[in-house]
Colleague: 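I have a structure I would like to understand better, so I am pasting it below and will then ask my questions one at a time.
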Amino acid sequence: MLKKSTVKISGLSHWYGKGSMKRQVLKSISMDIAPGEVVLLTGPSGCGKTTLLTLIGALRKVQLGELSVFGHELRGSSQKTRQLLRRRIGMIFQGHNLLRCLSAEQNVQMGSDLLKGLSYRDRRTQACEWLNAVGLEDQKRKLPHDLSGGQKQRVAIARALAARPKLLLADEPTSALDSVTGREIVDLLKKLALEQSCSVLMVTHDPRILDVADRLLKMEDGQLLPSIG
Amino acid sequence: MTIYFWDKRRIPLAWLLLTRQPLRLFVALAGICFAGILMFMQLGFRDGLFDASVTVHKLFDADVVLISPRSMSSISMSGFPRRRLIQAMAHPDVVGITPVNWNFLLWRNPKNLSTRSILALGFEPNDLLLKDPQFTSKANTLTIKGRVLFDELSRDEFGPVPAWFRDGRVVETEVAGKRVRVSGLVSLGPSFGADGNILTSRETFLELLPGTPPGSIEIGLVRLRSDANKDNIVKALNLSLPTDVRVLTKKEFIEFEKNYWRSSTSIGFIFSLGAAMGFVVGCVIVYQILYSDVSDHLPEYATLMAMGYRLKTLLGVVAREGILLAIMGYLPAYGSAQLLYALVRNSTKLPVEMDLQRAILVFILILFMCMGSALVAMRRLADADPAEIF
Ligand SMILES: Nc1ncnc2c1ncn2[C@@H]1O[C@H](COP(=O)(O)OP(=O)(O)O)[C@@H](O)[C@H]1O
Ligand SMILES: [Mg+2]
């Protein structure tokens, strides 16, 4: 075990609300994600999956427990640390969250623009290559408005990977797609992530895509169930 | 160095946010443009009116001017003894003097016979009055009694005198109820106090206005040797002459007139207020546009933060939107103002002109307007929470 874990969590708990409204949504979660591993997380709605994802994605402050990503402890971390860490984590959302005023190519370049030390031309070329990789070479100049749901999600994948992350977080990326398209998207995501040796943590409800996982985690009421994978 | 920055550039997000929403951009630009035009017009009118108050003053061939201390402005000139001007002649540096009578008389429009107040200047036709070298020959025509020179730039309400005169017609009309004939045209321009001007000999002037005491004049023009020190002479003359006369340099004479309109009337205040209103209206419009723009794109801004973009970068996007709006709104405002100035010049004959100082001032005001609004709209960005977008 020379390789360090990409994500290391132990005893992570989280609460929402204050005073009498305070409610625990994560109860002492412990788990690891190894480099290049594809982990799927399932569980009923409202059990805290998204909350866990936002904590790992350095979008929320850690309240209790230990959580480190790429070896950086997130509890008590500064705003700046979290912002820099977010650059190294790719995120794909349930809604595609593309920038409406940018073309497909420009949206992807918003990802590669985060890379330091590359010229504009290089970043642009890379953005094009990523669009080719997700099979949208013909749709470069189209605005999100003119793309189908599946195409938008492909652009979102290209954008997330364009920043060359070593961890990809995806929250129900297929929920807005029909089953065939959903399957394609997930396969594509896994293929591209593995080419980059990028770990993936994906939340999904879709039982038809569970087989892409190296490991399957089940969550219920803020707790991880003993793993089956 | 420039190549380096060029290579480091990113997607021009501010530009795309603005241009990919043409309707919103149009409204914003229309608002800024409107505010800009309003400011240009109000400030232009203000400066134009002050400038217009001295159209005639500027043309006098004089280094030093004598007026009565009771004179408040060109529309209320008092007389002083003509002797003072002759006394001034005693100063070794004085090379020439011109006594001038100055008053408003009723001019009858020779076409529709309506009357209107016109500024009449009376002087000895042999004396120098205006800087214009071609003026002397025209002035000579005034040696005949009952002749006047008509200002061709006078407002049209005085009748089609210049056109008739150029057609070779004999233009005769009444001034102060007495018959006069136009013997030539001069180019002076209406001022704020006077819609038109006529020049005539002192002899004719006194005939038209018999109440004028013969030894009294309203303005005394004094010309000095070219190497003379104006300020010293003005000081010396003020000391040596009695207190019933006030000695000014030509520049002070012009300022004296402008100052009257500036301080004794609300013109400056009214037009500055108009410009300020344009500024406020512009602020409100730009703020509304930028605020709703930021609000509409809040999830997208949150997404960018989730991707690892700094808040500072996003604030920069809003700031850049402000700068772009300022530039894009200013240019058409500048162009329209030029056109409107020309229109105003033609219809009112007021010297309303674009000057660099005002062009810069309005740009700075528009920039303030846009950046101030951008700054307030930025506060909305604090609501972009990347944790809420999953
Ligand atoms: N910002 C929030 N404030 C308060 N409660 C929240 C917030 N976000 C989620 N919750 C609650 O926390 C629980 C877990 O939510 P979430 O992590 O979104 O679950 P999942 O993604 O598994 O559906 C839910 O009961 C939800 O209502
Ligand atoms: Mg969820």
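Scope of the values below: all heavy atoms of this structure, side chains included, with no hydrogens, waters or symmetry mates. Throughout, a chain's letter reflects where its sequence line sits, starting with A, and its residues are numbered from 1.
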Colleague: Should we count CD of Gln79(A) as having more than 12 external heavy atoms under 6.0 Å?
Modeller: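 No, because the 6.0 Å sphere around CD of Gln79(A) holds 12 heavy atoms or fewer from other groups.
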Colleague: Kindly check if the number of other-residue, nucleotide or ligand heavy atoms within 6.0 Å of OH (Tyr16(A)) is above 12?
Modeller: yes
Colleague: Quick check on Leu311(B) against chain A: is it the side chain, the backbone, both or neither that has a heavy atom closer than 4.5 Å?
Modeller: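 Looking at Leu311(B), nothing touches chain A.
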Colleague: For Leu98(A), which atoms come within 4.5 Å of any heavy atom of chain B: side chain, backbone, both, or neither?
Modeller: backbone
Colleague: Tell me if the OH atom of Tyr120(A) is crowded by more than 12 foreign heavy atoms within 6.0 Å.
Modeller: yes
Colleague: Any donor-acceptor pair under 3.5 Å linking the side chain of Arg88(A) with the backbone of Gly308(B)?
Modeller: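 Answer holds: no.
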Colleague: Specify the closest pair of heavy atoms between Leu17(B) and Cys101(A), including all atoms of both residues, with the distance to one decimal.
Modeller: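 Shortest heavy-atom contact: CD2-SG, 3.5 Å.
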Colleague: Between Leu118(A) and chain B, with a heavy-atom cut-off of 4.5 Å, which part of the residue counts as in contact: side chain, backbone, both or neither?
Modeller: backbone
Colleague: Side chain, backbone, both or neither: which part of Ile92(A) has a non-hydrogen atom closer than 4.5 Å to chain B?
Modeller: backbone
Colleague: Please identify, among Arg124(A), Gln83(A), Gln106(A), the residue contributing the most non-hydrogen atom pairs under 4.5 Å to chain B.
Modeller: Gln83(A)
Colleague: As an exercise: rank Leu114(A), Thr51(A), Leu85(A), Thr50(A) by heavy-atom pairs under 4.5 Å with chain B and give me the winner.
Modeller: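 Of the candidates given, the most pairs with chain B belong to Leu114(A).
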Colleague: Kindly indicate, with the supporting measurements, whether the criterion side-chain contact (heavy atoms from CB on, under 4.5 Å) is fulfilled by Arg100(A) and Asp296(B).
Modeller: CA-CA 10 Å; Arg100(A) 281 172 289 166; Asp296(B) 280 0; 4.3 Å; yes
Colleague: Within a reach of under 6.0 Å around OH of Tyr287(B), are more than 12 heavy atoms found that belong to other residues, nucleotides or ligands?
Modeller: yes
Colleague: I'd like to know whether CD of Glu195(A) has more than 12 heavy-atom contacts from other residues, nucleotides or ligands below 6.0 angstrom.
Modeller: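 Yes, enclosed.
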Colleague: Just give me the residue among Lys80(A), Glu172(A), Arg159(A) that pairs up with chain B most often, heavy atom to heavy atom, under 4.5 Å.
Modeller: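 Among Lys80(A), Glu172(A), Arg159(A), the one with the most close pairs to chain B is Arg159(A).
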Colleague: Which heavy-atom pair separates Leu102(A) from Arg20(B) by the least distance, and what is that distance?
Modeller: CA-NH1, 3.8 Å
Colleague: Does the side chain of Leu13(B) come within less than 4.5 Å of Leu99(A)'s, by heavy atoms?
Modeller: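 With C-beta onward as the side chain, the pair touches.
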Colleague: Ignoring hydrogens, what is the shortest heavy-atom contact between Arg60(A) and Glu388(B)? Give both atom names and the distance.
Modeller: NH2-OE2, 3.9 Å
Colleague: Quick one: closest heavy-atom pair of Asn97(A) and Pro299(B), and the distance?
Modeller: ND2-O, 4.2 Å
Colleague: Sort Met110(A) into side chain, backbone, both or neither according to what part of it lies under 4.5 angstrom from a heavy atom of chain B.
Modeller: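 The answer is both parts of Met110(A).
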Colleague: Please check if the number of heavy atoms outside Gln338(B) that lie under 6.0 Å from its CD is greater than 12.
Modeller: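 More than 12 within 6.0 Å, yes.
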Colleague: Step through the shown structure and confirm whether more than 12 heavy atoms of other residues, nucleotides or ligands are within 6.0 Å of NZ on Lys8(A).
Modeller: no
Colleague: Once rounded to the nearest 0.5 Å, what's the spacing between atom CE of Met305(B) and atom CZ of Arg82(A)?
Modeller: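 Here the interatomic distance stands at 10.0 Å.
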Colleague: Using every non-hydrogen atom in the two residues, find where Phe93(A) and Thr303(B) come nearest and quote the distance to one decimal.
Modeller: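 Here Phe93(A) and Thr303(B) meet closest at CE1-CG2, 3.8 Å.
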Colleague: Which heavy atom in Asp113(A) sits nearest to a heavy atom in Arg10(B), and how many Å separate them?
Modeller: OD2-CB, 3.3 Å
Colleague: Just verifying a value: how many Å separate Arg86(A) CZ and Leu304(B) CG, rounded to the nearest 0.5 Å?
Modeller: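 Spacing of CZ (Arg86(A)) from CG (Leu304(B)) equals 11.0 Å.
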Colleague: Which bit of Tyr309(B) comes within less than 4.5 Å of chain A, counting heavy atoms only: side chain, backbone, both or neither?
Modeller: both
